[in-house]
There are 2 protein chains.
Amino acid sequence: MAGSKPHALQVTCANCGLQRICFPRGLTQQEIIRLDAILQSQPVVGKGEALFKQGEAAKAIFALKSGVVKLCRYDRSGNEIIHTFYLPGDVIGLEALDQPVYQYDAIALDRCNLCRVEVADLDRLAQQMPNLNRQVLQMMRRELELERAHFENVSSRSADQRLAHFVWHIAERFRDRGYAMDTFQLPILHRDIATHLGLTPETVSRILRKFHQQGILTWQRKQVTLHDPCAVRELAGVEAPDEAGEGEVCPVCQAHVG
Amino acid sequence: MAGSKPHALQVTCANCGLQRICFPRGLTQQEIIRLDAILQSQPVVGKGEALFKQGEAAKAIFALKSGVVKLCRYDRSGNEIIHTFYLPGDVIGLEALDQPVYQYDAIALDRCNLCRVEVADLDRLAQQMPNLNRQVLQMMRRELELERAHFENVSSRSADQRLAHFVWHIAERFRDRGYAMDTFQLPILHRDIATHLGLTPETVSRILRKFHQQGILTWQRKQVTLHDPCAVRELAGVEAPDEAGEGEVCPVCQAHVG
DNA sequence: ACGCAAACTTGACCTTGATCAAGTCATTCC
DNA sequence: GGAATGACTTGATCAAGGTCAAGTTTGCGT
């Protein structure tokens, strides 16, 4: 993963590998340099630790350089509800721009490298950079879009479909970040997946066994492998991107896999 | 409802009854006047008609003055998914600020009075009014918060709880708008409720009968009555607002009802 | 390397809510 | 006003997935 060498030179937005998908997307080179100037700290958070917790003063937002983070909250009877998993390149805690305290917990699922941006600094910068406002609005809208897509997945589909859709969605995000989509490390507990999808760990376990037996995908330890990406996509209920194309090779599996 | 007299004087933001909850919230008097200037049209949309449809060019956002609107979309097998119902004072189609086309259908559930704001006009105005950017961001964040709350409701609760939570949530929104919370007209089909909550119409019908028999609430025709608001809130899994208060009267039912 | 705690698996059983079918009730359109 | 259409109700049946219980495996701390 990016940024894991402890002795590496100081990473700036200008030379960060995540520039394309992170904050700076859509900003000019000059603007990126000014953004860099307010990025004071690049904290590391250990497995299980919180970037922030519900109720804490919301003073900063974070960009995730490596690792995985879950955004969650507890209902009145203490059940965890997991809204999202963040991957490298995602921006976490945007709500802080708008509210005095965080509304959710953000928990690192493994060791995470982050960039921390103070809300006050960002606000000040935004007054001089209209593009940044647009950028922030777009990130917020994307977050809304993700939550809606997730709701559509959970609201009315079978357990098999939910799980297939989840895996496919994660695979797509890895693909978009330039990684292989047919095999990747995913440090998420099956229990957390179950919670995220409104299922039980037992059900997830049974479905994963079935998928494995059918040769569709395996998910053992933290290693996910899509043996038949098209079948996963099909189960997930996602359209093939180039339906009207060549028609010879599967556009998803051939174009992006391996 | 507001704005229903056809011969009424021209309604402006400055004299609109929804000023507190709609767009202008957080703007100065001067800014509201400038906002007014770009509000050219105040369309009326009939029952079942669309404000906009998925795939259309996203050129405007809307403020709802009267009526109810659903935001929905269809999955691959043609099943409707309903994300939100908008009540008077809500702003609809914010995504348009950020995208070339609408991603959802917005359908009027009864006759609706609207304000239409062109995205281009709003963009231009926002460059001169930093408050407006903040305002837009806040509305977007609220929309995200609503979607997450809805997901939490549907993801892991029983059918009874989902329905109670839905009714309670709507009642709260009416209360916040200055209407009675224990009885109101709600022009939403039971079928649409079922879709919104990931249930079937049959299940909704059975649960409503049970609630009626238990004296908790009735929902006949379009008339909703909460006979025991506290029971509804309890079922919905929502904390009483003033738990540590007087302790004598139920803070919700006495303070806001009737 | 050992042992404990947590994660995961597997099987038997049960509950919730979906499905199917046949009705009743409202609303709308001539 | 009366038929036709769509909304809602009610009952019988069924299956997906939850629950409970007892395993096995994994990972971590010492």
Side-chain angles (χ1 to χ4, degrees), chain A residues 46-49 68 70 75 77-82 107-111 153-166 185-213 217-224 235, chain B residues 46-49 68 70 75 77-82 107 109-111 153-167 185-213 217-224 235:
Chain A
K47 177 174 175 175
E49 289 173 19
V68 176
K70 68 175 173 182
D75 71 10
S77 27
N79 303 311
E80 188 181 23
I81 295 157
I82 299 176
I107 310 288
L109 298 185
D110 57 351
R111 192 178 178 75
N153 185 31
V154 169
S155 111
S156 63
R157 316 198 357 188
S158 73
D160 294 27
Q161 291 172 317
R162 290 185 207 186
L163 192 48
H165 184 273
F166 174 80
Q185 293 279 125
L186 198 59
I188 304 180
L189 296 180
H190 292 182
R191 175 167 51 76
D192 282 347
I193 301 295
T195 302
H196 180 56
L197 297 177
L199 302 172
T200 59
E202 292 95 324
T203 300
V204 169
S205 176
R206 283 186 251 269
I207 292 171
L208 285 180
R209 177 159 53 105
K210 192 173 69 180
F211 284 172
H212 178 66
Q213 286 169 353
L217 70 85
T218 57
W219 183 345
Q220 273 154 2
R221 321 274 249 92
K222 325 249 104 140
Q223 185 65 39
V224 180
L235 250 173
Chain B
K47 177 174 172 173
E49 289 173 20
V68 176
K70 68 176 172 182
D75 71 11
S77 29
N79 303 311
E80 189 182 23
I81 295 159
I82 300 177
I107 310 290
L109 299 185
D110 57 350
R111 192 178 177 76
N153 186 30
V154 168
S155 111
S156 62
R157 307 178 30 169
S158 73
D160 293 28
Q161 291 173 318
R162 290 186 207 185
L163 192 48
H165 184 273
F166 175 80
V167 173
Q185 294 279 122
L186 197 60
I188 304 180
L189 296 180
H190 292 183
R191 175 168 51 74
D192 282 348
I193 300 297
T195 301
H196 180 56
L197 297 176
L199 303 172
T200 59
E202 291 95 325
T203 299
V204 168
S205 175
R206 282 185 251 268
I207 293 173
L208 285 179
R209 176 160 53 105
K210 193 172 68 178
F211 284 172
H212 178 67
Q213 287 169 351
L217 69 85
T218 58
W219 183 344
Q220 272 153 4
R221 319 274 251 92
K222 325 247 105 139
Q223 186 66 38
V224 180
L235 250 173

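Numbers restart at 1 for each chain; the letters A, B, ... are given by sequence-line order, proteins then strands.
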> Are B/R111 and B/E49 within salt-bridge range, i.e. N to O under 4.0 Å?
Replying inline: no
> Does a salt bridge link A/D110 with A/K222, judged by any charged N lying under 4.0 Å from a carboxylate O?
Replying inline: no
Nearest-nucleotide pick for [X], side chain only, options being [options]:
X: B/T200; options: D/dC8, C/dT19, D/dT19; result: C/dT19
X: B/H190; options: D/dG18, D/dC8, C/dC8; result: D/dC8
X: A/A159; options: C/dG17, D/dG17, D/dA21; result: D/dG17

Let me know the distance between [atom1] of [X] and [atom2] of [N], rounded to the nearest Å.
X: B/N79; N: C/dT19; atom1: CG; atom2: C1'; answer: 14 Å
X: B/L208; N: D/dA7; atom1: CG; atom2: P; answer: 16 Å
X: A/R191; N: D/dG27; atom1: CZ; atom2: P; answer: 15 Å
X: B/L189; N: C/dT27; atom1: CG; atom2: P; answer: 11 Å
X: B/Q220; N: D/dA7; atom1: CD; atom2: P; answer: 19 Å
X: B/K210; N: C/dT16; atom1: NZ; atom2: C1'; answer: 11 Å
X: A/Q161; N: D/dG17; atom1: CD; atom2: C1'; answer: 14 Å
X: A/I207; N: C/dC8; atom1: CD1; atom2: P; answer: 15 Å

> Under 3.5 Å, is there a donor-acceptor pair between the side chain of B/H196 and the main chain of B/I82?
Replying inline: yes
> Backbone N or O of A/Q220 within a donor-acceptor pair of the A/Q223 side chain at under 3.5 Å?
Replying inline: no
> Between A/R206 and B/D160, which has a closest nucleotide on DNA chain C that is more 5'?
Replying inline: A/R206
Any [X] side-chain nitrogen or oxygen under 4.0 Å from OP1 or OP2 of [N]:
X: B/R221; N: C/dT27; value: yes
X: B/R209; N: D/dT9; value: no
X: A/K47; N: D/dC28; value: yes
X: A/T203; N: D/dG18; value: yes

> Any donor-acceptor pair under 3.5 Å joining the side chain of A/E202 to the base of D/dC20?
Replying inline: yes
> Can you find a heavy atom in the side chain of B/P201 that is under 4.5 Å from one in the side chain of B/H190?
Replying inline: no
